[in-house]
Amino acid sequence: MLSLALAAALSLDGGPRPFAGVVLVAKGRDITFSQGDIDRPYVVGSVSKQLTAALVLQGVDDDLWQLDDPIGRYLPTLAPWKAQVTLKMLLTHSSGVVAPDKPLAFAPGSQFRYSNLGYQLLAKALARVRAKPFSTLLAGLYRQCAMLGGKPIEGFEEQPGGALTPVDTLALMPNDLASGTMVASARDLWHWNLCLHQSPLLSRASYAAMTTAWQQRPYRWGPMGYGFGLQLKGSEASHSGYLPGYESLLSFDKGQTLVVLEHVSWQLGDIGRAFYYEDALRNALSAEDNHGT
């Protein structure tokens with residue numbers, strides 16, 4: 001039975017802004033709550049990174065490369081730092097890479113600095129080592145995990161005055177597939193969680209590496225460990241997403257999946273308001289689990 005706190009969070013009303021999306025909660029292979037069309041695709045933002053990370057690790061499992069290999073071994077025309085930056089550093093946002101033609105921001109591996117570019121470089125390396133376009137590799141992973149994808153629902157941006165204006169995110173960000181513009185429904189992301197965390201998608205060693213906190217990330221929830229495309233805190237593995245037109249949250253904790261997808265990117269000036277429902281749902285589910293109700 002739902003607690004009053006969880007029931008209130010799932011009601012999706014009374015918050016500081018409207019809710020514009022879909023929610024799915026599942027325990028293992030059973031959906032325990034959903035609101036909205038869980039089969040409607042959305043652009044999922046940085047949740048995309050964990051799929052890219054899994055493809056990198058499948059390459060490790062297939063003996064195509066190692067995590068400590070320099071990216072320059074696979075992308076030899078990169079800047080002079082190509083021999084210093086490893087695949088693992090790119091996966092953990094610790095490479096210091098800011099642009100292909102600029103010096104590194106810090107000594108590789110020494111600190112955390114979020115980088116979409118790092119995952120885009122990994123996608124290019126994957127395409128080279130597999131001799132297939134990254135989009136083809138991703139389509140294979142979707143099939144492996146019973147994900148359908150499709151054409152996303154139209155996205156909107158909230159303007160400073162509160163108006164919502166449409167945005168063609170995929171046209172605006174044509175090179176960001178590996179880092180942020182994958183398309184999936186709430187059901188797809190539930191299937192993804194099951195595929196990643198509860199099936200032999202990766203070897204034990206690769207899954208352990210993906211879910212190890214190699215770096216620490218300052219975050220609105222407090223300090224978070226960071227693995228490969230996953231934020232880690234206690235038993236929870238999660239990631240949020242934000243890009244023009246969309247917001248997302250995917251969490252997996254003790255067999256329980258939470259998916260929140262919205263097709264509005266709310267103004268980030270007040271981040272608590274922008275992610276109000278994502279955070280309220282996560283907090284309510286965490287409280288529910290801790291109380292054992």
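Side chains included, hydrogens not; waters and symmetry mates left out as well; all remaining heavy atoms used.
For the pair Trp266 and Glu157, the minimum side-chain heavy-atom distance is 4.5 Å or more. At least one side-chain heavy atom of Met182 sits less than 4.5 Å from a side-chain heavy atom of Leu138. For the pair Arg113 and Phe106, the minimum side-chain heavy-atom distance is below 4.5 Å. Side-chain contact between Tyr242 and Ser46: absent, with no pair of heavy atoms (C-beta onward) separated by less than 4.5 Å. Side-chain contact between Arg73 and Lys82: absent, with no pair of heavy atoms (C-beta onward) separated by less than 4.5 Å. Inter-residue side-chain proximity for Ser94 and Gln111 is flagged as unmet; no heavy-atom pair is nearer than 4.5 Å.
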Name each donor-acceptor pair under 3.5 Å that joins a side chain in residues 16-25 to protein atoms two or more places apart or in another chain, with its distance.
residue : atom : partner : partner atom : Å
Arg17   : NE   : Arg273  : O            : 2.8
Arg17   : NE   : Ala274  : O            : 3.3
Arg17   : NH1  : Glu262  : OE1          : 3.0
Arg17   : NH1  : Glu262  : OE2          : 3.4
Arg17   : NH2  : Glu262  : OE2          : 2.8
Arg17   : NH2  : Ala274  : O            : 2.8
Arg17   : NH2  : Glu278  : OE1          : 3.3

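Here the shortest heavy-atom pairing between Ser95 and Leu104 reads O-CD2, 3.8 Å. Listed here is the closest heavy atom pair of Ala26 and Trp190: CB-NE1, 3.3 Å. For Trp214 against Ala209, the heavy-atom pair with the smallest separation is NE1-O, 2.8 Å. Nearest heavy-atom pair, Leu121 versus Ile71, reported as atom, atom and distance to 0.1 Å: O-CD1, 4.2 Å. In plain terms, the two heavy atoms of Leu126 and Phe134 that are nearest each other are CD1-CE1, 3.9 Å. A pairwise comparison of heavy atoms in Leu87 and Gln66 identifies CD1-O, 3.4 Å as the closest pair.
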| message | Between Lys254 and Glu236, is the salt bridge (Lys or Arg N to Asp or Glu O under 4.0 Å) condition met? List the steps. | response | CA-CA 7 Å; Lys254 299 175 184 174; Glu236 180 187 25; over 6 Å; no
| Does the pair Tyr142 and Leu51 meet the rule for a side chain to side chain contact (heavy atoms under 4.5 Å, CB included), with working shown? | CA-CA 9 Å; Tyr142 269 50; Leu51 282 81; 3.7 Å; yes
| Residues Arg204, Asp61; criterion salt bridge (Lys or Arg N to Asp or Glu O under 4.0 Å); working and verdict | CA-CA 10 Å; Arg204 288 186 178 182; Asp61 291 341; over 6 Å; no
| request: For Leu67 and Phe228, run side chain to side chain contact (heavy atoms under 4.5 Å, CB included): C-alpha distance rounded to whole Å, both residues' side-chain angles, the deciding distance at 0.1 Å, then the answer. | output: CA-CA 11 Å; Leu67 291 176; Phe228 300 161; 3.8 Å; yes
| Are Arg40 and Arg187 close enough, and set up right, to give a side chain to side chain contact (heavy atoms under 4.5 Å, CB included), and what steps lead you there? | CA-CA 9 Å; Arg40 186 70 182 266; Arg187 188 188 300 275; over 6 Å; no
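Between the CG atom of Asn116 and the CD atom of Gln120 there is a distance of 6.0 Å, given to the nearest 0.5 Å. Here Thr92 contributes atom OG1 and Met210 contributes atom CE; the two are 12.5 Å apart, rounded to the nearest 0.5 Å. From Lys233, atom NZ reaches atom CG of Asp253 across 12.0 Å, with rounding to the nearest 0.5 Å. Considering CG of Leu141 and CG of Leu201, their distance stands at 6.0 Å, rounded to 0.5 Å. The structure places OG of Ser251 at 10.0 Å from CG of Leu230, a figure rounded to the nearest 0.5 Å. Put simply, CG on Asp176 and OG1 on Thr169 are 10.5 Å apart, with the number rounded to the nearest 0.5 Å.
When only modelled atom types and interatomic distance are considered, Trp192 and Gln50 share a side-chain donor-acceptor pair under 3.5 Å. Side chain to side chain, Ser185 and Asp39 fail the donor-acceptor criterion of an N or O pair below 3.5 Å. Side-chain contact check for Thr257 and Asn193: at least one donor-acceptor pair (N or O, by modelled atom type) lies under 3.5 Å. Judged by distance alone, the side chains of Tyr226 and His239 do bring a donor and an acceptor atom under 3.5 Å apart. Thr165 and Gln159 form a side-chain donor-acceptor contact under 3.5 Å, judged by distance and modelled atom types alone. Remark: the Ser240 side chain and the Tyr219 side chain contain an N/O donor-acceptor pair separated by less than 3.5 Å. No side-chain N or O of Lys49 forms a donor-acceptor pair with one of Thr52 less than 3.5 Å apart.
When the side chains of ILVMFWY residues are joined at heavy-atom separations under 4.5 Å, either directly or via intervening members, Trp221 and Val47 end up in two distinct hydrophobic clusters. When hydrophobic clusters are built by joining Ile, Leu, Val, Met, Phe, Trp and Tyr residues whose side-chain heavy atoms come closer than 4.5 Å, directly or via intermediates, Val56 is grouped together with Val97. Residue Leu268 is not grouped with residue Leu261 when hydrophobic side chains (ILVMFWY) are merged at heavy-atom distances under 4.5 angstrom, including chains of intermediate members. Cluster annotation: Leu122 and Leu55 are assigned to the same hydrophobic cluster (Ile/Leu/Val/Met/Phe/Trp/Tyr, side-chain heavy-atom contacts under 4.5 Å, transitive).
Within 6.0 Å of the NZ atom in Lys27, the count of heavy atoms belonging to other residues, nucleotides or ligands exceeds 12. The number of heavy-atom neighbours closer than 6.0 Å to NZ of Lys124, taken from other residues, nucleotides and ligands shown, is 12 or below.
For Arg220 and Asp279, the salt-bridge test passes: some basic side-chain N is under 4.0 Å from an acidic carboxylate O.
Under a 3.5 Å cut-off, the side chain of Ser265 and the backbone N or O of Gly245 do form a donor-acceptor pair. Not a single donor-acceptor pair under 3.5 Å links the side chain of Asn283 to the backbone N or O of Ala280.
Using a 30° and 60° split on the angle between ring planes, Tyr114 and Phe112 fall in the tilted class, from 30° to 60°.
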